[in-house]
Amino acid sequence: MPSRYGGIPAADAARGAVRGLRSRWTSLSMISRAAVGWDPVCAAFAQSTVPRGWALANELQWDELDDRAVDTARVLAADAVEKVGNGHPGTAISLAPVSYLLHQKVMRHDPADADWVGRDRFILSVGHSSLTQYVQLYLGGYGLELEDLESLRTWGSKTPGHPEYGHTKGVEITTGPLGQGLASAVGFAYAARYERGLFDPEAAPGTSPFDHFIYVVAGDGDLQEGVTSEASSLAGHQELGNLIAIYDSNQISIEDDTDISFSEDVAKRYESYGWQVLEVDWKKTGAYVEDVAELYSGNRGCEGRDRQAEPHHPEDHHRLALARQAEHRRDPRL
């Protein structure tokens with residue numbers, strides 16, 4: 001399938017002077033303090049760095065204009081909540097570099113054809129931080145205007161408190177309950193792989209519209225939910241290399257530091273599920289430094305491996321299950 005282009009249309013000063021087109025066939029994975037991506041399943045968390053040796057398929061182009069766009073996204077998130085008098089600005093401010101990088105530099109999509117089957121999907125599991133997505137849809141030309149951001153969380157607006165599928169153009173799924181978005185993203189990835197084998201099994205790797213990625217942004221609250229454990233275990237078992245999860249380990253909750261209730265080693269847990277875990281720590285120097293290039297590099301590592309993977313047949317998992325069942329009958333200890 002030929003490359004298609006979408007991205008950021010010319011924007012006014014309020015949109016941070018963002019302009020230009022982005023190739024639909026670029027890609028990413030990871031986030032602010034922590035990040036996740038997956039090949040067999042790729043996830044990334046805080047307090048370390050991306051492993052050396054990942055080569056960028058496409059060099060990241062990032063300049064002062066991009067910095068201004070990210071800063072504008074932060075201001076818009078803060079102003080929207082201030083105007084309506086309620087909402088969640090903190091996460092949207094923190095995730096602004098990550099969301100901008102994904103929507104405007106990495107994901108394959110076209111605002112003029114929002115239902116294009118080959119588009120990458122974005123799922124905001126931290127649905128309460130809806131501005132993380134709304135601001136990028138505004139910048140990217142998906143039909144949201146400044147007035148829509150100003151009417152956040154008001155009756156009849158295009159910007160409800162949580163993203164709603166079928167209500168706001170560019171939203172792939174309704175999210176809100178913690179854990180639901182990440183679990184649903186596993187279903188998205190599973191379905192894409194099945195459809196690939198069902199409708200386009202002979203296409204060369206990377207050429208089928210079903211060779212798209214599902215990007216999901218999750219937080220500490222998501223990772224504390226049991227449903228994400230079950231779904232993530234399934235994703236690792238099925239080796240869903242088309243799913244890239246970005247885990248924002250910001251270590252803060254409404255009660256206090258997350259250490260009061262959440263002290264497990266999440267990275268080790270996901271490695272045990274069979275995920276490829278990459279870590280990006282923007283505090284590794286002792287100061288908070290948003291190293292977008294490191295984040296981009298980690299994602300390219302996750303993505304690049306799966307782009308070259310052989311396509312899965314929709315019955316592969318069934319054959320594997322039958323083979324294991326037969327093996328079990330031969331040796332009950334297995």
Side-chain angles (χ1 to χ4, degrees), residues 6-18 31-32 68-100 102-104 107 109-115 119 121-182 184-185 215-222 225 246 248 250 252-255:
I8 315 171
D12 56 21
R15 301 188 184 196
V18 181
I31 177 167
S32 92
R68 291 175 60 194
V70 170
D71 289 342
T72 299
R74 290 180 164 125
V75 172
L76 289 173
D79 280 355
V81 172
E82 179 69 18
K83 184 179 186 301
V84 74
N86 57 77
H88 302 270
T91 303
I93 292 172
S94 173
L95 292 179
V98 180
S99 189
Y100 176 82
L102 278 173
H103 284 88
Q104 318 303 356
M107 287 174 26
H109 62 98
D110 183 355
D113 185 8
D115 295 325
R119 70 192 184 279
R121 273 65 165 175
F122 176 81
I123 297 176
L124 186 67
S125 195
V126 284
H128 60 279
S129 181
S130 54
L131 283 163
T132 297
Q133 184 170 18
Y134 292 155
V135 171
Q136 297 308 319
L137 295 178
Y138 165 63
L139 292 177
Y142 275 85
L144 290 184
E145 299 297 336
L146 193 60
E147 293 76 15
D148 296 311
L149 298 182
E150 292 174 347
S151 59
L152 174 76
R153 298 169 68 96
T154 60
W155 181 257
S157 75
K158 294 181 181 179
T159 50
H162 294 77
E164 296 183 14
Y165 174 73
H167 184 77
T168 307
K169 183 180 176 182
V171 172
E172 300 285 354
I173 185 175
T174 302
T175 56
L178 290 175
Q180 172 250 339
L182 178 53
S184 297
Y215 295 91
V216 55
V217 173
D220 294 308
D222 291 300
E225 295 291 338
I246 298 170
D248 178 24
N250 56 37
I252 189 67
S253 69
I254 194 170
E255 291 86 7

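Just so you know, these numbers come straight off a predicted model, no measurement behind them.
- Of the inter-residue distances, the one linking L95 atom CG with D248 atom CG reads 4.5 Å to the nearest 0.5 angstrom.
- Between F122 and V217, the closest side-chain pair of non-hydrogen atoms falls below 4.5 Å.
- In this structure, T168 OG1 and H162 NE2 are separated by 13.0 Å, a value rounded to the nearest 0.5 Å.
- The distance from atom NZ of K83 to atom CG of L149, rounded to the nearest 0.5 Å, is 11.0 Å.
- Looking at heavy atoms from C-beta onward, L102 lies in side-chain contact with I246 at the 4.5 angstrom threshold.
- A side-chain contact (heavy atoms from CB on, under 4.5 Å) with P89 is found for one member of L131, L76, V81 and no other, namely V81.
- To the nearest 0.5 Å, atoms CG (D148) and OG1 (T159) are separated by 6.0 Å.
- A 4.5 Å side-chain heavy-atom check between Q180 and T175 finds at least one atom pair inside the cut-off.
- Applying the salt bridge (charged side-chain N to carboxylate O under 4.0 Å, His left out) criterion to D71, with sequence neighbours excluded, gives R74.
- Side-chain atoms of S94 never come within 3.5 Å of backbone atoms of G90 as a donor-acceptor pair (strictly under, hydrogens ignored).
- In terms of modelled atom types and a separation under 3.5 Å, the side chain of S125 and the main chain of A218 share no donor-acceptor contact.
- Interatomic distance, L178 CG to D220 CG, rounded to the nearest 0.5 Å: 10.0 Å.
- No donor-acceptor pair under 3.5 Å is formed between the side chain of S99 and the backbone N or O of A96.
- Listed by first and then second residue, the side chain to side chain donor-acceptor pair (under 3.5 Å) pairs involving residues 126-136 are Q104-Q136, S129-T132 (not counting sequence neighbours).
- Looking only at atom types and distance, the side chain of Y142 has a donor-acceptor partner in the side chain of H109 under 3.5 Å away.
- Looking only at distances, no side-chain donor or acceptor of K169 sits under 3.5 Å from a matching main-chain atom of L137.
- Between the CG atom of L139 and the CG atom of L144 there is a distance of 10.0 Å, given to the nearest 0.5 Å.
- Of the possible polar contacts, none joining the R119 side chain to the D110 backbone as a donor-acceptor pair under 3.5 Å is found.
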